[in-house]
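Just so you know, these numbers come straight off a predicted model, no measurement behind them. Numbers restart at 1 for each chain; the letters A, B, ... are given by sequence-line order, proteins then strands.
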There are 2 protein chains.
Amino acid sequence: MPSPDVLTAPPESRTWTIAQVAEEFGVTHRTVRHYEDLGLVTPERRGTQRIYHRRDRTRLALILRGKRLGFPLEEIRTIIDLYDAPRGRRSQLEYVLDQIDARRADLEQRRRDLDEALSELTTFEQRCRADLASLTT
Amino acid sequence: MPSPDVLTAPPESRTWTIAQVAEEFGVTHRTVRHYEDLGLVTPERRGTQRIYHRRDRTRLALILRGKRLGFPLEEIRTIIDLYDAPRGRRSQLEYVLDQIDARRADLEQRRRDLDEALSELTTFEQRCRADLASLTT
DNA sequence: ACAGCAGTTGACGTTTACGTAAAGGTAAGG
DNA sequence: CCTTACCTTTACGTAAACGTCAACTGCTGT
């Protein structure tokens with residue numbers, strides 16, 4: 001049985017086990033550990049056990065979306081690193097802004113490819129529907 | 001020297017060597033041959049040499065766009081196969097239309113992910129620009 | 001005290017997508 | 001005829017992204 005704390009504790013301090021996050025995100029624990037090996041997530045350790053916080057879940061969501069978009073994990077890491085890079089000095093901020101531009105260009109290329117693929121698919125579908133209609137007559 | 005035929009022949013019959021298509025699409029000849037091993041392109045053979053036609057270039061363009069979108073080659077093949085599957089019988093047409101729906105769902109999920117990523121990037125950029133402005137003052 | 005389960009660390013296996021080296025065929029130019 | 005450039009097959013290598021044991025550890029209920 002879970003201790004009542006889970007229900008009464010403030011949401012900020014809510015934590016998860018590896019099995020829980022794996023289950024929630026639909027991946028295996030091996031996958032989660034692999035991401036940790038690559039430095040994509042860094043869960044807290046209570047002794048030897050991993051404790052996942054909200055921050056870790058946010059990262060996992062970012063990672064998995066990156067994967068759905070077809071980015072390699074190493075590239076995903078550079079994105080994550082970008083998002084929580086220190087931005088204290090002007091030079092750092094300018095570097096980050098440059099990186100943002102590069103990423104945006106990449107994403108927009110992908111969107112062009114995607115829209116192209118979608119419109120070709122639509123054209124193809126119309127042809128098929130026309131063929132189907134001509135069979136019916 | 002190329003024979004004058006290359007200039008006078010009708011554009012339909014224009015062909016390419018493996019080196020030319022590889023160069024044109026910015027990949028190595030090894031890559032092109034790999035796609036052939038997987039059945040993604042099937043160039044004509046003149047003796048032992050490969051002859052690439054317009055049709056092959058169209059396919060290569062499809063393949064590479066698929067790759068930019070992060071699809072595995074096997075999945076790309078199912079797409080290509082879909083595009084030139086026989087559509088004579090009604091049952092075949094209905095099957096193809098089902099596949100089209102599945103693909104569209106996939107592509108639209110990707111677009112959602114993409115738009116989300118882009119808008120997060122924009123938000124982040126604004127924050128950075130704000131930080132930069134506050135440094136200037 | 002002890003079984004049982006969840007979690008942990010290696011370490012090797014697998015699939016995908018090519019790279020790369022070896023060894024040779026072929027057509028054109030000198 | 002011989003070199004050179006381009007093409008061919010065969011085959012082993014490799015990096016990424018996990019899968020899959022194996023062998024422990026550490027709580028938890030009985």
### Query
In whole angstrom, what separates H34(B)'s NE2 from dG13(D)'s P?
18 Å
### Query
Phosphate oxygens OP1/OP2 of dA17(C): is one of them under 4.0 Å from a side-chain N or O of Y35(B)?
no
### Query
Can you tell me how far P of dC27(D) sits from CZ of R46(A), to the nearest Å?
12 Å
#### Entry: Between dA15(D) (P) and E74(A) (CD): distance, integer Å
13 Å
### Message
Tell me whether R103(B) is salt-bridged to E75(B), with the criterion being a basic N under 4.0 Å from an acidic carboxylate O.
### Response
yes
### Message
How many whole angstroms separate atom CG of L73(A) from atom P of dA16(D)?
### Response
10 Å
### With sequence neighbours excluded, residues passing ring pair (Phe, Tyr, Trp, His ring centres under 6.0 Å) with F124(A)
Y83(B)
### Query
Can you tell me if Q20(A) uses its side chain to pair, donor with acceptor, with the backbone of T17(A) under 3.5 Å?
yes
### Query
Distance-only, no hydrogens or angles: does the R87(B) side chain make a donor-acceptor pair with backbone N or O of D131(A) under 3.5 Å?
no
### Message
Walk along nucleotides 3-14 of chain C from 5' to 3' and tag each nucleotide B, S or - by protein heavy-atom contact under 4.0 Å, base first, then sugar-phosphate.
### Response
----SSB-B---
### Task
Look only at the side chain of R111(B) and the backbone of L114(A), and say whether a donor-acceptor pair between them is shorter than 3.5 Å.
no
### Query
Looking at T31(A), does any N or O in its side chain come under 4.0 Å of the phosphate oxygens OP1/OP2 on dG19(D)?
yes
### Integer-rounded Å distance: dT16(C) P and L40(B) CG
13 Å
### Query
Distance check: side-chain N/O of T28(A) vs OP1/OP2 of dG19(D), anything under 4.0 Å?
yes
### Message
Whether E125(B) and R129(B) form a salt bridge (side-chain N of Lys/Arg under 4.0 Å from carboxylate O of Asp/Glu) is what I want to check.
### Response
yes
#### Entry: Interatomic distance where CD belongs to E75(A) and C1' belongs to dA15(D) [whole Å]
15 Å
### Query
Considering residues at least two apart in sequence or located in another chain, which fulfil the side chain to side chain contact (heavy atoms under 4.5 Å, CB included) criterion with Q99(A)?
L82(A), Y95(A)
### Message
I need the CG-P distance between D37(B) and dT15(C), as an integer number of Å.
### Response
17 Å
#### Entry: Under-4.0 Å side-chain N/O to phosphate OP1/OP2 contact, K67(B) with dA17(C)
no
